[in-house]
Amino acid sequence: MKPPPLFLLLLHLLLLLFIATNATKLTALSPTPSPTPPTTSKSSPSALDPKQIRALQSLNIPTTRDPCIQPSPHNATICDNSKPFRHLISLHLFNCSSDLSLSFTALKSLSSLHALSFTNCRASPIRFPSHLSLSLTSFSCIHSLRRLTGVWLSRFVNLTDLTVSYTSINTHGLYVILGNMHKLKTITICHANLTGSLPRHLHLNLTYIDLSNNKLIGKIPTSLTLLEDLEFLNLSSNGLNGVIPTEFGDLISLKNVSLASNSFSGPIPDSMSAIPGLVHVDLSNNQLNGTVPRFFSELKELKVLNLENNKLHGVLPFNASFIKRLDVLKVGGNGNLCYNHSVLSSKIKLGIAPCDKHGMPMLPPPSKESSSGDSESESSDYDYDDDGAEGANEKKGHHHGPNKVVLGVAIGLSSIVFLIVFLVLLSKWCR
Ligand SMILES: *[C@@H]1O[C@H](CO)[C@@H](O)[C@H](O)[C@H]1NC(C)=O
Ligand SMILES: *[C@@H]1O[C@H](CO)[C@@H](O)[C@H](O)[C@H]1NC(C)=O
Ligand SMILES: *[C@@H]1O[C@H](CO)[C@@H](O)[C@H](O)[C@H]1NC(C)=O
Ligand SMILES: *[C@@H]1O[C@H](CO)[C@@H](O)[C@H](O)[C@H]1NC(C)=O
Ligand SMILES: *[C@@H]1O[C@H](CO)[C@@H](O)[C@H](O)[C@H]1NC(C)=O
Ligand SMILES: *[C@@H]1O[C@H](CO)[C@@H](O)[C@H](O)[C@H]1NC(C)=O
Ligand SMILES: *[C@@H]1O[C@H](CO)[C@@H](O)[C@H](O)[C@H]1NC(C)=O
Ligand SMILES: *[C@@H]1O[C@H](CO)[C@@H](O)[C@H](O)[C@H]1NC(C)=O
Ligand SMILES: *[C@@H]1O[C@H](CO)[C@@H](O)[C@H](O)[C@H]1NC(C)=O
Ligand SMILES: *[C@@H]1O[C@H](CO)[C@@H](O)[C@H](O)[C@H]1NC(C)=O
């Protein structure tokens, strides 16, 4: 009569364990939303407007499967729920055959569209029916549509989101395109050989501007700093010059900014210290001069700071704990910039020389061998792992992995010990 209770108890324990592990799995899964496509409800099985089916066919989009069933392959088509016929509100054309032609009739029947995108679709743009031009709130053209002009794009006056990339735009300037788009929130025009200068007047509700890799020239107009909602600004790889406006700090919502690879000169404006949410700052490959401002180390969110290849000078005002907190710090290629070797270990490879007592780079800059030699004595205060990894990057994570494993093993072992003690006590008690 003794064995059964012990056996049963063990079984009970195992069962409990099983339930517990599965319960954690279930709770881990529950937050993921169940896929409930909003446009397919069985109560409204109306079909796509036959005119639009014909339009899709003329654009070589297969219609054997109902284009309104969600999700459509590659999200190419999205429909509304109107009756008796549903209408397309979003259409994405991609990888078109070279002989695709956009017919005026087809486009006219697609005037219900709010979003239209082309990816790898080198068709010739034709005049869009005005109904379609006005109904679009989102237009995207990536490596598509030959011979785009600014005037052609300017007809989409109700756009909130405009994307043109890897497609040349022939225009006198950005103002031609944006002049009448009063609802714009995001604009991406990159790798588009865009010429001219930045417009003096931009719509104040813009949150996202990417004009990288074009041929823009001239200065940043002070009016750009009025965009209080702007979170993202990328003007990299253009021919812009002049100083960064002293009012730059008025862009209080800014998170990511790149002015890299232009010809900006003068100092990094102190007003930037007023932008609390800066995460990513890239000012590399310009002719910025002056010293590196200390305020960067007080920006709590900062993760990436790239100031390399400028003309900055003086003592780098950062300490090791700040550098460790960043994901990326690049300051090389600034001939007269140096670091204080009683503040920073030479094991943090910054690509600049240590300073002499006058705050000038020591000459000649020490070779890698000699610097790692004398750093042994200096670096005792800093616990950097010397794995030869670049700069201050990739520091994180190295310590967390092993710690988790150790913790797991410890928990596992202690629970086994607990179980054994429990069973021993139990068997004694049963006797
Ligand atoms: C389709 O769109 C949904 C929501 O916008 C997105 O989650 C999904 O990844 C997209 N699917 C494809 C194949 O692009
Ligand atoms: C388009 O073509 C490219 C290159 O051939 C391919 O990688 C991509 O998956 C295609 N996209 C779709 C949505 O079919
Ligand atoms: C687009 O803007 C025009 C004015 O430019 C307006 O009359 C029209 O109602 C708008 N269309 C839509 C679909 O919002
Ligand atoms: C931009 O112009 C250059 C030559 O000036 C050309 O090689 C390049 O293909 C153009 N870019 C695009 C996206 O058309
Ligand atoms: C711009 O944003 C403000 C505040 O968020 C809003 O009241 C206004 O309607 C927006 N204007 C447009 C044209 O979207
Ligand atoms: C800006 O654009 C360039 C190229 O288009 C890209 O490489 C870079 O990562 C972007 N910078 C930011 C801060 O997003
Ligand atoms: C902003 O920069 C951060 C850090 O580099 C990056 O993780 C994030 O994706 C960027 N955001 C955008 C919109 O590019
Ligand atoms: C920075 O460069 C500007 C010209 O671009 C010059 O007027 C100024 O004196 C320089 N400042 C410093 C601190 O070198
Ligand atoms: C490093 O610099 C930051 C910001 O300047 C400061 O808050 C922090 O106390 C400094 N840490 C050390 C160890 O000096
Ligand atoms: C380097 O730091 C030490 C200690 O903070 C300080 O006494 C010294 O003046 C600094 N040297 C330079 C060149 O700034």
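In listed order, ligands and their atoms are each counted from 1. All figures in this text were calculated on a predicted structure; none of them were measured in a lab.
Proximity to Ser236 (heavy-atom distance under 4.0 Å) selects the following atoms of ligand 6: 1 (C), 2 (O), 3 (C). Shown in contact with Ser212 at under 4.0 Å from a heavy atom are these atoms of ligand 6, numbered in order with element: 2 (O), 4 (C), 5 (O). Of all the atoms in ligand 6, the ones that sit under 4.0 Å from a non-hydrogen atom of Ser258 are 11 (N), 13 (C). Close contacts between ligand 6 and Asn213 involve ligand atoms 4 (C), 5 (O) [criterion: under 4.0 Å to a heavy atom]. Counting the atoms of ligand 6 from 1 in the order shown, those under 4.0 Å from a heavy atom of Phe232 are 14 (O). Under a 4.0 Å criterion applied to the non-hydrogen atoms of Lys215, ligand 4 contributes the atoms 2 (O), 5 (O).
Ranking the protein heavy atoms by distance from atom 1 (C) of ligand 6 puts Asn234 ND2, 1.4 Å first. The single protein non-hydrogen atom nearest to atom 14 (O) of ligand 4 is Ser168 OG, 2.7 Å, given as residue, atom name and distance. Among all non-hydrogen protein atoms, the one lying nearest atom 2 (O) of ligand 4 is Asn193 ND2, 2.3 Å.
No side-chain heavy atom of Leu254 sits under 4.5 Å from any side-chain heavy atom of Leu227. Proximity of Phe248 to Val257: side-chain heavy atoms (C-beta onward) are separated by under 4.5 Å at one or more points.
Side-chain contact, His92 with Thr119: a donor N or O sits under 3.5 Å from an acceptor N or O. No side-chain donor-acceptor contact under 3.5 Å links Thr137 and Asn158. When only modelled atom types and interatomic distance are considered, Thr63 and Gln57 share a side-chain donor-acceptor pair under 3.5 Å. Side-chain contact check for Asn285 and Asn309: at least one donor-acceptor pair (N or O, by modelled atom type) lies under 3.5 Å.
A centroid separation of 6.0 Å or more is found between the aromatic rings of Phe104 and Phe128.
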Taking it one step at a time, do Asp161 and Thr186 satisfy side-chain hydrogen bond (donor to acceptor under 3.5 Å, both in side chains)?
-> CA-CA 5 Å; Asp161 302 281; Thr186 76; 2.6 Å; yes
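In this pair, Tyr166 and His191 present their aromatic rings parallel. The plane angle is below 30°, not in the 30 to 60° band.
A donor-acceptor pair under 3.5 Å links the side-chain atoms of Asn234 to the main chain of Ser236, judged by distance alone.
In terms of N/O distances under 3.5 Å, ligand 6 is not approached by His280. For the pair Thr167 and ligand 4, the shortest N or O to N or O distance does not fall below 3.5 Å. The shortest N or O to N or O distance between His191 and ligand 6 is not under 3.5 Å. Polar contact check, Asn95 against ligand 2: a nitrogen or oxygen pair lies under 3.5 Å apart.
For atom 4 (C) of ligand 4, the protein comes within 4.0 Å by no heavy atom at all. For atom 7 (O) of ligand 6, no protein non-hydrogen atom is found at a distance below 4.0 Å.
Heavy atoms of Asp282 come nearer than 4.0 angstrom to ligand 6 in no pair at all.
Contacts of Arg146 with ligand 4, taken as heavy-atom pairs under 4.0 Å, are absent altogether.
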